Peer 1: 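Before I ask anything, let me first share the structure, which is written out below as structure tokens.
Bear in mind that the values here come from a model prediction, so they are computed numbers and not experimental data. When a residue number appears, it is its place in the shown sequence, counting from 1.
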Amino acid sequence: MKAKNLSRVRNMGFVAHIDAGKTTVTERVLFYAGKIHRMGEVHDGQATMDWMPQEQERGITITSAVTTCEWNNHEIHVIDTPGHVDFTIEVERSLRVLDGAVVILCGVGGVEAQTETVWQQCRKYHIPAMAFINKLDRIGADFDSVLSQMAKRLEVTALPVQIPYYEGDAFRGVIDLVTMKRLVWEDAQGSSFETSAIPEDRLAEAKAARERMIELLSDYDDEIMELFLAGVDVDEKRLMQAIRRLTLEELLVPVFCGSALRNKGIQPLIDGIIDYLPSPLEVKPVMAHHKTTREEIPVRPDPKGGLVAYVFKVYVDEGRRMVYLRIYSGVLRVGAEVYNTTRDVKEKIARLFDMHAHLKQRIDQASAGDIVAAVGLKESVTGDTLTDANESLVLEAIEVQKPVISVAIEPKSSENLERLQEAMRKIMEEDPTIKVHEDPDTGQVIMAGMGELHLEIALDRFRTVFGVDINVGKPQVLYCSTIDRPSQAEKVFDKVIGESAHHGHVELSVRPAKRGSGNTFHVDEALDNGLKAFVMNGLEEACLADPEFGYEVVDIEVETLKVVVTDKTTGQGLKIAAQMALQDALKKGGVAQLEPIMELDALSPEDYVGDVVGDLSARKAGIEGVLIKGKYHEIKAYVPLSNTFGYSTALRSLTRGRGSFSMRFSGFDKV
């Protein structure tokens, strides 16, 4: 097999708020790169990357889809991600394995709620990004306003490398500020475009925009600053070098523009992906933790190095378990035995595939820089690390948000019980944000997820993919609890269990922690490591249900003040004593009930703003502010999740069908 030139590989993804045009842009990229021969439309349910029946029915992306295409002798691995807040895990795990991203913004809507979320995810993983302002053909589109919103709400330095070109009110193409050329698309399919000189009536505007671009670059590049101050024009090659360097250093975001649905502006965007986003060689190496030496070791993208691959997605396709991998180092071959260092198990690669949405192309091997799917891995799940048999490197796991809403489910017939249990196991493997458990008090099976749509899709897949008919209860909000004030407690456990005597004596203190910080346990370091593990287990189990409401306990800090060890002490005794002490301390400190709070952005015509604000106030929402967006007003509020059920219908009614909204999970707060 010919050695791959990693400098010509791009691993990138499209991320955005729902309905900004990610899938439409991806469809055009694949068409112009020759990967597909017909452009499908999202609204027709024909988009290549939206292949699931649930996606085609609803016209939205639900699962992140992987494909590969070639452009100008470069290999581009593309992941198209969902925009709906309920499927944020799909964005999270995609960004975890990508080297670069294109953030797509609507020319009318600008920076929306989920735009901010995906941008924070990009920053979390230090991913260099570009922006594409889409839908500039629509009435109300405002390129400059979107740039301003990017600066204010995303707190980024946006660098326009293009500005839109209009003839009258018609969007015709773009003016490239690097080459100072006009690009106009006449062909309906957008396959070709005409490059020409900038018309006289737009030349002054283009020169001013180019000057602002160079001035912005000069803040970060001394050579460009010298040329700028001397009044010398900066050549195209030097500008592109500076833009690339500053993009890779995450100091600025190059901004492109166009209209994907009208097939305008896509080819320069693909060029920009090649020109300004990094190859695997140019990103900071991922850090692996060595399980034996506990060292932090950088994993460099070397095909000749030891194998290090990361599982970022599991999907059951036609009954076959597909595991999606990003290979960071080494070569993975069909038939090879690999070691899952996260779970300490050996597995075998039965088959390898290059993926194009749900279509598979068999390959014999894959190497550093590749994103592929494997069959044969029975134990590996999202967040696991695969290495050669003699390695002990583990990559950082993906952070998974807590579910906020649940429903009770049961099979329609007792014969389906076993199939339901198997389907639940597979659903949880695919999506770590879905949790299924049996309620110990009622015996009901409870499935929890990130929102109503999230659960609706999962329930639909029980029927369509796994062939299980189920009855479903009404959605319920998942509450948590915490402690109101600091307290402490001491417990001695001394009982015979079975035929063995168990003894434990623990004193501890507990106090409230910062909201969203999770639980922290400080156990006496002098304690024997085996006994320490028992105490930790006891504290963790005590947090599974508070003594008043039975909800999971979060955001507390626990410290053991005294752990008495005598000849009678047993690990099980210490575990139970720690559990009892923490439960007692929680009761003394007062248990506070917490509910999920959603950040809500509602868009309403000016005439109905008062009604929308009044309705949100009635839902106990905290109104943060109202932004004017042309003829529409955007109301930003924080509202308890329990008060959002049915809000979509209510907003449509209040605004005569012209309003829209989006929500995202903000955190837990006191009821």
Peer 1: So does Glu396 pair up with Arg96, basic N to acidic O under 4.0 Å?
Peer 2: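 Here Glu396 does not pair with Arg96 in a salt bridge, since their nearest N and O are not under 4.0 Å apart.
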Peer 1: Do side-chain atoms of Arg351 reach the backbone of Arg362 as a donor and acceptor pair under 3.5 angstrom?
Peer 2: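 A pair under 3.5 Å: no.
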Peer 1: Ser380 and Val311: which non-hydrogen atoms are nearest, and at how many Å?
Peer 2: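 The answer is CB-CG2, 4.1 Å.
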Peer 1: If the threshold is 4.0 Å, N to carboxylate O, is there a salt bridge linking Lys181 and Asp176?
Peer 2: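 Here Lys181 does not pair with Asp176 in a salt bridge, since their nearest N and O are not under 4.0 Å apart.
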Peer 1: Is it true that a side-chain atom of Arg321 and a backbone atom of Leu377 form a donor plus acceptor pair closer than 3.5 Å?
Peer 2: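 Yes; at least one donor-acceptor contact below 3.5 Å.
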Peer 1: Taking NZ, NE, NH1 and NH2 as the nitrogens, is one of them in Arg172 or Asp137 under 4.0 Å from a carboxylate oxygen of the other?
Peer 2: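 Salt bridge between Arg172 and Asp137, a charged N being under 4.0 Å from a carboxylate O: no.
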Peer 1: Could you tell me whether Arg419 and Glu422 make a salt bridge, using a distance below 4.0 angstrom between a side-chain N and a carboxylate O?
Peer 2: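 No, no charged N to carboxylate O under 4.0 Å.
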Peer 1: Measuring from atom CD1 of Ile133 to atom OG of Ser259, what distance do you get when rounded to the nearest 0.5 angstrom?
Peer 2: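 Result: 13.0 Å between the selected atoms.
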Peer 1: Less than 6.0 angstrom separating the ring centers of Phe171 and Tyr166, yes or no?
Peer 2: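 For Phe171 and Tyr166, the ring centres are under 6.0 Å apart.
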Peer 1: Is the side chain of Asn263 donor-acceptor paired with the backbone N or O of Ala188 at a distance under 3.5 Å, no angle test?
Peer 2: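 Yes, the answer is positive, given that a donor and an acceptor are paired below the 3.5 Å cut-off.
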Peer 1: Mind telling me whether Phe312 and Tyr324 have parallel, tilted or perpendicular rings, with 30° and 60° as the class edges?
Peer 2: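 Tyr324 vs Phe312 ring planes: perpendicular.
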Peer 1: Between Asp354 and Lys360, is the closest basic N to carboxylate O distance under 4.0 Å?
Peer 2: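 A salt bridge is absent here (no side-chain N lies under 4.0 Å from a carboxylate O).
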Peer 1: With a 4.0 Å cut-off on N to O distance, would you call Glu347 and Lys378 a salt bridge?
Peer 2: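 No, no charged N to carboxylate O under 4.0 Å.
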Peer 1: Between His356 and Thr67, is the side-chain hydrogen bond (donor to acceptor under 3.5 Å, both in side chains) condition met? List the steps.
Peer 2: CA-CA 4 Å; His356 175 50; Thr67 189; 2.5 Å; yes
Peer 1: Which heavy atom of Asp187 sits nearest a heavy atom of Ser192, and at what distance?
Peer 2: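 Heavy atoms of Asp187 and Ser192 come nearest at OD2-N, 3.7 Å.
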Peer 1: Among Val255, Ile273, Leu159, Val161, find the residue that satisfies the side chain to side chain contact (heavy atoms under 4.5 Å, CB included) test when tested with Met130.
Peer 2: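 With Met130 as partner, Val255, Ile273, Leu159, Val161 yield a single side chain to side chain contact (heavy atoms under 4.5 Å, CB included), made by Ile273.
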Peer 1: Hey, is the main chain of Thr117 close enough, under 3.5 Å, to the side chain of Gln120 for a donor-acceptor pair?
Peer 2: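 Not at all, since once roles are kept as given, no pair shorter than 3.5 Å links the two residues.
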Peer 1: For side-chain hydrogen bond (donor to acceptor under 3.5 Å, both in side chains), just list the numbers for Thr23 and Glu27, CA-CA rounded to whole Å, side-chain angles, deciding distance to a tenth of an Å, and then say yes or no.
Peer 2: CA-CA 6 Å; Thr23 303; Glu27 199 76 6; over 6 Å; no
Peer 1: Any side-chain to backbone donor/acceptor pair from Glu75 onto Val9? Under 3.5 Å, distance only.
Peer 2: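 Side chain of Glu75 to backbone of Val9: no pair is present.
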Peer 1: Backbone N or O of Thr385 within a donor-acceptor pair of the Thr342 side chain at under 3.5 Å?
Peer 2: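 At least one qualifying donor-acceptor pair exists.
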Peer 1: Any donor-acceptor pair under 3.5 Å linking the side chain of Lys35 with the backbone of Thr68?
Peer 2: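 Looks like yes, one N/O pair under 3.5 Å.
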Peer 1: Say you draw a straight line from CD1 of Ile427 to CZ of Phe462; how long is it, rounded to the nearest 0.5 Å?
Peer 2: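 That separation rounds to 5.0 Å.
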Peer 1: Is a side-chain N or O of Arg326 found less than 3.5 angstrom from the main chain of Tyr310, in a donor-acceptor match?
Peer 2: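 Absent.
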Peer 1: How close do Glu429 and Val381 get, heavy atom to heavy atom, and via which atoms?
Peer 2: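 Scanning both residues completely, I find the closest heavy atoms to be CG-CG1, 4.1 Å.
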Peer 1: If you measure from CG on Asp460 to CD on Glu456, what distance do you get to the nearest 0.5 Å?
Peer 2: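 Between Asp460 CG and Glu456 CD, I get 7.5 Å after rounding to 0.5 Å.
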Peer 1: Quick one: do Lys313 and Glu430 make a salt bridge, cutoff under 4.0 Å?
Peer 2: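 No salt bridge links Lys313 with Glu430.
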Peer 1: Donor-acceptor pair, Thr341 side chain versus Leu393 backbone, under 3.5 Å?
Peer 2: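 Side chain of Thr341 to backbone of Leu393: a pair is present.
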